[in-house]
Student: 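My questions will all concern the structure given below.
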Amino acid sequence: MFRQSLKRCAHLRVATAAPLLARQNLSLLTSTTRSSRPTLQTTTIKLSNLFVRWHSETAEASASEQPIEDVAPSHPTRFDELPALGVHPNLVKSITHGMGYEALSDVQSKTIVPALNGTDLVAQAKTGTGKTLGFLVPVLQRMLQEDPSLGTRNARYNARADDIRGIVLSPTRELAEQIAAEAEKLVAGTGLVVQRAVGGTQKSRMLEKTRRQGCHLLVATPGRLNDLLEDPRSGIRAPNLAAIVLDEADRMLDVGFRGELEEIVNKLPDVREKPRQTLLFSATIPKDVIQLARQWVRADNFDFIQTISQGDTPTHEKVQQHIVPCRSWGNVLPALFEVIGKEVESAQQPGAMPFKAMVFLPSVALVDLVSETYHDGFRSTCGVPALMIHSKLSQAQRSKASDKFRTMKSGILFSSDVTARGMDFPNVSHVIQVGAPPDREQYIHRLGRTGRQDKTGQGWLILSEVDIPICRSELRGLPIVPNREIESAAAELATDPAERLQIVNTTMDVLKGVPKSSLGAAYMSLFARVNRSNAQDRVNELREWFVDGMGLEGTPRMASNLAQKLGLGKVTGLNFGNDDFGSGNRDGDRRRSGSRFGRDDDRSFGGRDSHRSRDPFASLSSESRGGGDRAYKSYRGDRGDRGDRSYRGDRGDRGDRGDRKRDRYQETSF
DNA sequence: AAAAAAG
């Protein structure tokens, strides 16, 4: 099995690597004497065959390829083998003594030799498998190799701020801090100096420290690094830059960062004059990112190393993935608190991990709202302390939350996607995702906050039915199993509180007591990613939440020009009135959809649909689509109006692409 | 109005 996965690992080796290897005394042959482990089948192929290779699932050279050398590189398995491969003993000592690691992980084992040789890498490995060490060791080793006098600690005094040799870029400040902390442990016994350049901190303090201590490796977020490089008085320079690392590479290469990254590169030495190594690491490397990655690596000298075989997912089998489909958004928060309550209880069982959960929410406003709701209504009964983190907090608050959660044995961190990637909080037992994750990759990275190294954990995804279709296609192929034991998920909201689930009542009562501005912000944020096909459903389910669930007069007011921008122009049931929680914009609605609004509204939100399905999931499965579908969907707002037309439109749509979609759904586990 | 990232 091991052999097979190795074979499937797309791997390129280019001729230039061989002499370097020899020069560094890295004996390739020792691997055969050291152990009987299978060695990687390394094939040298022309770069033009790269894409063929990635799609072909085989590493055997074809006739068109030109094998230059048939080498079998060694794959060290223990850190104490690294000095024999040329890694400085003081670096290795930090790892084996200071950090207490013995065995290399799969990704470390496969990247170390090519990385030490100066080969550019695109490396993909599952979350929590030690990618950070995988890029830090070769980058730091290169510095020690170029200047052997840096091997001892007192050489630190020669470090300079204007001769930075390595840069690591991270998409978030907290991740940069974490990487820097790891790097500092590594260099503890050497003369290497690590500095950090992240936003939200005092630039002048950082510059003063860097001028005083010097810097070999700079760990940075893009904005601050760019700022430092374009400031002629900063004194930060990297004329001899030897390596640049993009951690979370797929994220760093996407549109949000591309411009800033280009600006940074333009201020660094021209690679034609000063060649440098580029390392791109991530747990997810979608196909379209591979094209972008090629612009970063040297065309004639790089490896693409995957420790995830084709067809496998970047998630861990040991982490169970549950989905709780909710009949409406109003059910989502009660379901969240029910899951938390039940899982806190399960964690009491002997042998269970203490309950330490990260709860990912789709917007800052929802982090605020849910965090407050938990503290006001559930914290005392549940007994588990909770923190929150998102980018709108001050950096001091963010760091405090992050540091505190790191040390907690049991606790909850309500979070936006700031902590979704790379963060290594020890012993997270649960990752709970609320609402549709922005994309497949983000789902995988969030889930990867649990089940790290040799640990286990579990994932929960709590979704409104409106978000099911998008998630079903986005998360296709992932082993996500429906959970029907959460009563709040299917509970009616429009019933007398005396007959309503207690947890629903508590949630709604607490929400009602939260400042209207918080509710309003959360409401607005839930329209951020709607599209033409689900906008009306979202309006309706949120209206049900506010009116039937919380017993408010209506939904928060939305400016009509904002509604236009959001693509809600043709949607009915929004509140364009002057009062924040008016009873809805009847005038506007009448103008748009005629006079039946009131009646449909009553029918939809009055909770009088006796035939509504009690099990939202049952009506979603591909087998029971049809009658159940209709019964289930009948709660929705004024569909009757625009009504029947849009309803049939939906179904017609489905019918057109029916076969293909059905196929995809069958591959999906929920 | 939507994660993040410069001030």
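In what follows, every chain begins at residue 1, and chains take the letters A, B, ... in the order their sequences are listed. Being a predicted model, the structure only gives us computed values, none of them experimental.
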Student: Classify the angle between the aromatic ring planes of A/Phe378 and A/Tyr374 as parallel (below 30°), tilted (30 to 60°) or perpendicular (above 60°).
Tutor: parallel
Student: Give the rounded distance in Å between these two atoms: CE of A/Met423 and C1' of B/dA4.
Tutor: 14 Å
Student: Between B/dA1, B/dA4, B/dA2, which one does the side chain of A/Ser363 approach most closely?
Tutor: B/dA2
Student: Could you tell me how far apart A/Lys267 (NZ) and B/dA6 (P) are, to the nearest whole angstrom?
Tutor: 13 Å
Student: Should the side chain of A/Arg251 and the base of B/dA3 be counted as holding a donor-acceptor pair, with the cut-off at 3.5 Å?
Tutor: yes
Student: Look at A/Arg398 and B/dA5 and indicate whether a side-chain polar atom (N or O) is within less than 4.0 Å of OP1 or OP2.
Tutor: yes
Student: Using only atom types and a distance under 3.5 Å, with no angle test, would you say the side chain of A/Ser282 pairs donor to acceptor with the backbone of A/Thr284?
Tutor: yes
Student: Among B/dA2, B/dA3, B/dA1, which nucleotide sits nearest the side chain of A/Ala528?
Tutor: B/dA2
Student: Expressed in angstrom and rounded to an integer, what is the separation of A/Glu260 atom CD from B/dA6 atom C1'?
Tutor: 7 Å
Student: Measure CZ/A/Phe360 against P/B/dA2 and give the value in whole Å, please.
Tutor: 19 Å
Student: Base, sugar-phosphate alone, or nothing: which one does A/Arg446 contact when heavy atoms must sit under 4.0 Å apart?
Tutor: nothing
Student: For A/Glu230, which contact category applies under a 4.0 Å heavy-atom criterion: base, sugar-phosphate, or nothing?
Tutor: base
Student: A/Gln442 has an atom CD; how far is it from atom P of B/dA2, in whole Å?
Tutor: 17 Å
Student: Check whether the side chains of A/Gln536 and A/Asn540 place a donor and an acceptor atom closer than 3.5 Å, and report yes or no.
Tutor: yes
Student: Measure the distance from CG on A/Leu369 to P on B/dA2 and round it to the nearest whole Å.
Tutor: 13 Å
Student: What's the closest nucleotide to the A/Phe257 side chain, out of B/dA5, B/dA1, B/dG7?
Tutor: B/dA5
Student: Report the distance from atom CG of A/Asp368 to atom P of B/dA3, rounded to the nearest whole Å.
Tutor: 11 Å
Student: A/Pro438 near the nucleic acid: base, sugar-phosphate alone, or nothing, with a heavy-atom cut-off under 4.0 Å?
Tutor: nothing
Student: Can you see which heavy atom on A/Thr555 is nearest to which on A/Arg543, and at what distance?
Tutor: CG2-CA, 3.5 Å
Student: Determine the contact category for A/Gly256: base if any of its heavy atoms lies under 4.0 Å from a base atom, sugar-phosphate if only primed atoms, P, OP1 or OP2 are that close, otherwise nothing.
Tutor: base
Student: Measure from the side chain of A/Arg173, starting at C-beta and using heavy atoms only, and say which of B/dA5, B/dA2, B/dA4 lies closest.
Tutor: B/dA5
Student: B/dA6 phosphate, OP1 or OP2: any side-chain N/O from A/Thr221 under 4.0 angstrom?
Tutor: yes
Student: Return no unless some side-chain N or O of A/Ser416 is found under 4.0 Å from OP1 or OP2 of B/dA4.
Tutor: yes
Student: Measure the acute angle between the ring planes of A/Phe405 and A/Phe425, then classify it against the limits of 30° and 60° as parallel, tilted or perpendicular.
Tutor: perpendicular
Student: Round to the nearest Å and state the distance from A/Asp417 atom CG to B/dA1 atom P.
Tutor: 20 Å
